[in-house]
Protein chains: 2
Amino acid sequence: MDFNAYDRNCPSRQLLDRIGDTWSVLIVVLLAQRPHRYTELANTIQGISPKMLTQTLRGLERDGLITRTVHAVVPPRVDYALTDLGRSLNVLVAELEKWAELHITDVLEARATYDARGEKEVV
Amino acid sequence: MDFNAYDRNCPSRQLLDRIGDTWSVLIVVLLAQRPHRYTELANTIQGISPKMLTQTLRGLERDGLITRTVHAVVPPRVDYALTDLGRSLNVLVAELEKWAELHITDVLEARATYDARGEKEVV
DNA sequence: CCGTATCCTACGGGATACTG
DNA sequence: CAGTATCCCGTAGGATACGG
């Protein structure tokens, strides 16, 4: 076990950071359906600021997870799409989703029990 | 697709938050080996503050991922261990690790390319 | 249309001191 | 030993305005 979660250079840590990031995952999931334009993403992902959208897209592009294609037309048109690597990451995300759906009831149940117990003890 | 990453109530989002959290994952991985005491965890996980350790443990316990066993002895002894649910989460984490190790070279390569390109353009 | 630049705030989380 | 209580700071990220 040389897995070290607070070592920034550890592959596991970097993947974990990426997957823990709200916007990254959401963008990957959207692009898994089909390529999207910048504004499409901005509109679909309500609540994201242009700053975060650009920042996240750049990060994903830098990691080779998505491609950025600029079409030399007026008005400008930029398409974002998943790479093969991005698609393989999307497979992982899908598995996470499956786990979450499968076990969410257990988690909610555990929470209810935990919280109820807490109330009694507080008295 | 009813997956909504900025909806706190979405199971996927909650799992993603948990997995993106440095300390949670590290603790789960440690407990996957064997149960640990509070101080053991504190010593092994260098850099974690008591505040974060307790907070993370409580969160994991609340979600039913770990158990907290207090032994009525002096000095106090508290053991933390994975539940079945926690073990199934650990399986996921192991898969993430596998993906990370498998694809990290691709990512690093992509970054090197991206950064090199950037330097040229900057001129 | 597709971004960048700037400002600003909330809060996650570290350090530390103390207690049952 | 196994935590809690308190203070405090850095920074992620939202809002906004503007540029190519």
Side-chain angles (χ1 to χ4, degrees), chain A residues 5-8 13-14 16-27 30-31 35-62 66-81 114 117-118 121-123, chain B residues 5-8 13-14 16-27 30-31 35-62 66-81 114 117-118 121-123:
Chain A
Y6 39 80
D7 179 0
R8 290 268 134 188
R13 180 69 260 144
Q14 300 193 23
L16 257 26
D17 287 342
R18 177 67 73 198
I19 280 186
D21 177 36
T22 311
W23 308 126
S24 287
V25 172
L26 193 44
I27 289 174
L30 282 178
L31 295 188
H36 281 68
R37 303 178 60 173
Y38 182 90
T39 315
E40 274 184 312
L41 292 171
N43 289 337
T44 307
I45 309 173
Q46 294 180 11
I48 194 172
S49 61
K51 175 182 172 181
M52 285 315 295
L53 180 52
T54 300
Q55 186 173 308
T56 306
L57 287 170
R58 290 293 180 278
L60 291 170
E61 187 194 359
R62 187 171 108 97
I66 67 173
T67 57
R68 175 174 181 271
T69 309
V70 182
H71 302 276
V73 296
V74 181
R77 176 192 181 96
V78 179
D79 283 324
Y80 293 93
Y114 183 93
R117 177 158 59 87
E121 284 174 2
V122 166
V123 180
Chain B
Y6 39 80
D7 179 359
R8 289 270 133 186
R13 179 70 259 142
Q14 299 193 24
L16 257 25
D17 288 341
R18 177 67 72 199
I19 280 188
D21 178 36
T22 310
W23 308 125
S24 288
V25 172
L26 193 44
I27 289 174
L30 283 177
L31 295 186
H36 281 67
R37 303 178 59 173
Y38 183 91
T39 315
E40 275 185 311
L41 291 172
N43 291 336
T44 307
I45 309 175
Q46 293 180 9
I48 195 172
S49 60
K51 175 182 171 180
M52 283 316 294
L53 180 52
T54 300
Q55 185 174 306
T56 307
L57 286 170
R58 291 292 179 278
L60 291 169
E61 188 194 0
R62 188 171 108 96
I66 68 174
T67 57
R68 175 173 181 272
T69 311
V70 181
H71 303 275
V73 296
V74 179
R77 176 193 181 95
V78 180
D79 283 324
Y80 293 93
Y114 183 92
R117 178 157 59 86
E121 284 174 359
V122 165
V123 178

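Proteins come first, then strands; the chains are lettered A, B, ... in the order of their sequence lines, and each starts at number 1.
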Side-chain N or O of [X] versus OP1/OP2 of [N]: is the shortest distance under 4.0 Å?
X       : N     : result
B:Arg58 : D:dT4 : yes
B:Tyr80 : D:dG3 : yes
B:Thr39 : D:dA2 : yes
B:Arg68 : D:dG3 : yes
A:Thr54 : C:dT4 : yes
A:Arg37 : C:dC2 : yes

Problem set entry | Per-nucleotide protein contact string for nucleotides 6-20 of chain D (B base, S sugar-phosphate only, - none; heavy atom under 4.0 Å) | B------BBBB---B

Problem set entry | Euclidean distance, B:Thr39 OG1 relative to B:Arg77 CZ, rounded to 0.5 Å |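 The CZ atom of B:Arg77 sits 10.0 Å away from the OG1 atom of B:Thr39.
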
Exercise. Just how far is it from atom OG1 of B:Thr44 to atom CG of B:Leu30, taken to the nearest 0.5 Å?
Worked result: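 If we round to the nearest 0.5 Å, B:Thr44:OG1 and B:Leu30:CG are 6.0 Å apart.
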
For this session: Using the side chain to side chain contact (heavy atoms under 4.5 Å, CB included) rule, take B:Thr67 and B:Tyr80 through it: C-alpha gap first, then chi angles, then the decisive distance, then the call.
Result: CA-CA 6 Å; B:Thr67 57; B:Tyr80 293 93; over 6 Å; no

Exercise. Which nucleotide, C:dC1, C:dG3, D:dG3, lies nearest any side-chain atom of A:Pro75?
Worked result: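 The closest nucleotide is C:dC1.
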
Exercise. Among D:dA2, C:dG3, C:dC1, which is the nearest nucleotide to the side chain of B:Tyr38?
Worked result: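 Nearest to the side-chain atoms of B:Tyr38, counting from C-beta on, is D:dA2.
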
Exercise. When you check the side-chain N and O atoms of B:Asp79 and B:His71, is any donor under 3.5 Å from an acceptor?
Worked result: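 Indeed, the side chains of B:Asp79 and B:His71 share at least one donor-acceptor pair under 3.5 Å.
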
Atom pair distance, as rounded to whole Å: [atom1] in [X] and [atom2] in [N]:
X       : N      : atom1 : atom2 : value
B:Glu61 : D:dG3  : CD    : C1'   : 13 Å
A:His71 : C:dC2  : NE2   : P     : 10 Å
B:Leu53 : C:dG14 : CG    : P     : 11 Å
A:Glu40 : C:dC2  : CD    : C1'   : 13 Å

Distance-only criterion, 3.5 Å: show the donor-acceptor pairs between side-chain atoms of residues 53-61 of chain A and protein atoms not counting sequence neighbours.
unit_1: A:Thr54; atom_1: OG1; unit_2: A:Tyr38; atom_2: OH; d: 3.2
unit_1: A:Thr54; atom_1: OG1; unit_2: A:Pro50; atom_2: O; d: 3.1
unit_1: A:Thr56; atom_1: OG1; unit_2: A:Met52; atom_2: O; d: 2.6
unit_1: A:Glu61; atom_1: OE2; unit_2: B:Arg117; atom_2: NH2; d: 3.4

